[in-house]
Visitor: 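One structure follows; several queries about it will come next.
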Amino acid sequence: MKLLLDENLPTKLKNSFSANQEVHTVKDMDWIGVKNGELLRRMRGAHFDALITIDKNLRYQQNPKTQNLKVFVLNAVNNKLSRLAPYVARLEVVINKQDDGIVVVVDL
């Protein structure tokens with residue numbers, strides 16, 4: 001699965017994912033500063049499957065269904081790597097079980 005880490009996440013978080021996932025960051029893609037709607041369009045064009053973010057408002061502002069993408073919102077208190085790393089294991093359990101076009105809040 002091809003995943004994109006939103007710019008609000010530390011880039012080193014991608015190292016926490018298993019080799020089964022192809023993980024890129026917004027920085028890797030040179031998409032820093034791109035607004036959410038345009039980001040989802042670019043993701044679809046680049047054949048991403050899902051966006052990982054901690055932006056809890058994204059689900060109210062964008063409809064991932066229009067781009068046939070999955071969006072996973074990590075329900076973390078901050079974006080420190082030490083806080084977010086435990087979410088990766090939980091995320092990898094649920095990521096393939098979700099349909100496209102939905103927003104899933106991931107809790108520990």
Side-chain angles (χ1 to χ4, degrees):
M1 181 166 291
K2 190 173 179 182
L3 308 174
L4 182 69
L5 297 181
D6 202 358
E7 69 183 86
N8 56 19
L9 297 173
T11 57
K12 290 183 180 181
L13 185 63
K14 74 179 185 178
N15 299 327
S16 300
F17 286 83
S18 70
N20 297 335
Q21 311 299 340
E22 179 183 346
V23 184
H24 301 270
T25 67
V26 167
K27 185 177 180 180
D28 294 339
M29 301 302 295
D30 200 27
W31 292 345
I32 291 177
V34 173
K35 300 293 182 195
N36 288 336
E38 177 63 20
L39 182 64
L40 294 178
R41 284 188 287 282
R42 288 184 185 193
M43 287 178 61
R44 189 74 251 144
H47 306 290
F48 279 93
D49 298 298
L51 173 67
I52 314 299
T53 186
I54 60 169
D55 181 355
K56 293 175 179 69
N57 292 321
L58 186 130
R59 62 183 161 169
Y60 305 113
Q61 299 166 347
Q62 300 297 323
N63 183 359
K65 211 175 243 191
T66 62
Q67 300 300 326
N68 206 30
L69 294 167
K70 300 174 188 178
V71 175
F72 293 91
V73 179
L74 305 182
N75 194 20
V77 296
N78 63 45
N79 66 346
K80 304 264 189 242
L81 182 60
S82 60
R83 284 275 193 190
L84 296 172
Y87 284 85
V88 173
R90 176 72 180 130
L91 181 60
E92 291 200 274
V93 168
V94 300
I95 203 162
N96 291 315
K97 297 178 183 178
Q98 305 302 320
D99 294 328
D100 291 342
I102 63 164
V103 176
V104 176
V105 177
V106 180
D107 288 305
L108 289 180

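Just the heavy atoms: all of them, side chains too, but no hydrogens, waters or symmetry mates, feed the values below.
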Visitor: Restricting to non-hydrogen atoms, name the atom on Val106 and the atom on Arg90 that form the minimum distance, rounded to 0.1 Å.
Guide: CG1-CG, 3.6 Å

Visitor: How close do Ala46 and Trp31 get, heavy atom to heavy atom, and via which atoms?
Guide: CB-CH2, 4.0 Å

Visitor: Using side-chain heavy atoms (C-beta onward) and a distance below 4.5 Å, is Ile95 in contact with Leu3?
Guide: yes

Visitor: Donor-acceptor check, side chain of Asn75 to backbone of Val105, threshold 3.5 angstrom: yes or no?
Guide: no

Visitor: For atom CG of Asp30, is the number of surrounding heavy atoms from other residues, nucleotides or ligands below 6.0 Å larger than 12?
Guide: no

Visitor: With side chains defined as the heavy atoms from C-beta onward, is the minimum distance between Asp6 and Leu39 less than 4.5 Å?
Guide: yes

Visitor: Quick one: which of Thr53, Ile32, Thr25 gives a side chain to side chain contact (heavy atoms under 4.5 Å, CB included) with Glu7?
Guide: Ile32

Visitor: Compare all side-chain heavy atoms of Val26 with those of Leu4 and state whether any distance is below 4.5 angstrom.
Guide: yes

Visitor: What are the two closest non-hydrogen atoms of Ile54 and Val73, and how far apart are they?
Guide: C-CG1, 4.2 Å

Visitor: When rounded to the nearest 0.5 angstrom, what distance separates NE2 in His24 from NZ in Lys27?
Guide: 15.5 Å

Visitor: If hydrophobic clusters are built by linking Ile, Leu, Val, Met, Phe, Trp and Tyr wherever their side-chain heavy atoms come under 4.5 Å apart, do Leu108 and Leu81 end up in the same one?
Guide: yes

Visitor: Looking only at atom types and distance, does a side-chain atom of Glu92 sit under 3.5 Å from a main-chain N or O of Phe17, one as donor and one as acceptor?
Guide: no

Visitor: Just wondering, do Lys70 and Met1 contact through their side chains at under 4.5 Å, heavy atoms?
Guide: yes

Visitor: Rounded to the nearest 0.5 Å, what's the gap from OG1 on Thr11 to CG on Asp28? Could you check?
Guide: 7.5 Å

Visitor: Are Leu84 and Val93 in one and the same hydrophobic cluster, where Ile, Leu, Val, Met, Phe, Trp and Tyr link if side-chain heavy atoms are under 4.5 Å apart?
Guide: yes

Visitor: Hey, does the side chain of Asp49 reach the backbone of Lys2 with a donor-acceptor pair shorter than 3.5 angstrom?
Guide: yes

Visitor: How about Phe72 and Val94: do any of their side-chain heavy atoms sit closer than 4.5 Å?
Guide: yes

Visitor: Give the minimum heavy-atom separation between Leu69 and Leu40, together with the two atoms involved.
Guide: CD1-O, 3.5 Å

Visitor: Taking all atoms of both residues into account, what is the closest heavy-atom pair of Asn36 and Asp55, and its distance?
Guide: ND2-OD2, 3.5 Å

Visitor: Between Lys14 and Leu5, what is the shortest heavy-atom contact and its length?
Guide: N-CD1, 3.5 Å

Visitor: What is the distance from atom CD of Gln21 to atom CD1 of Ile52, rounded to the nearest 0.5 Å?
Guide: 8.5 Å

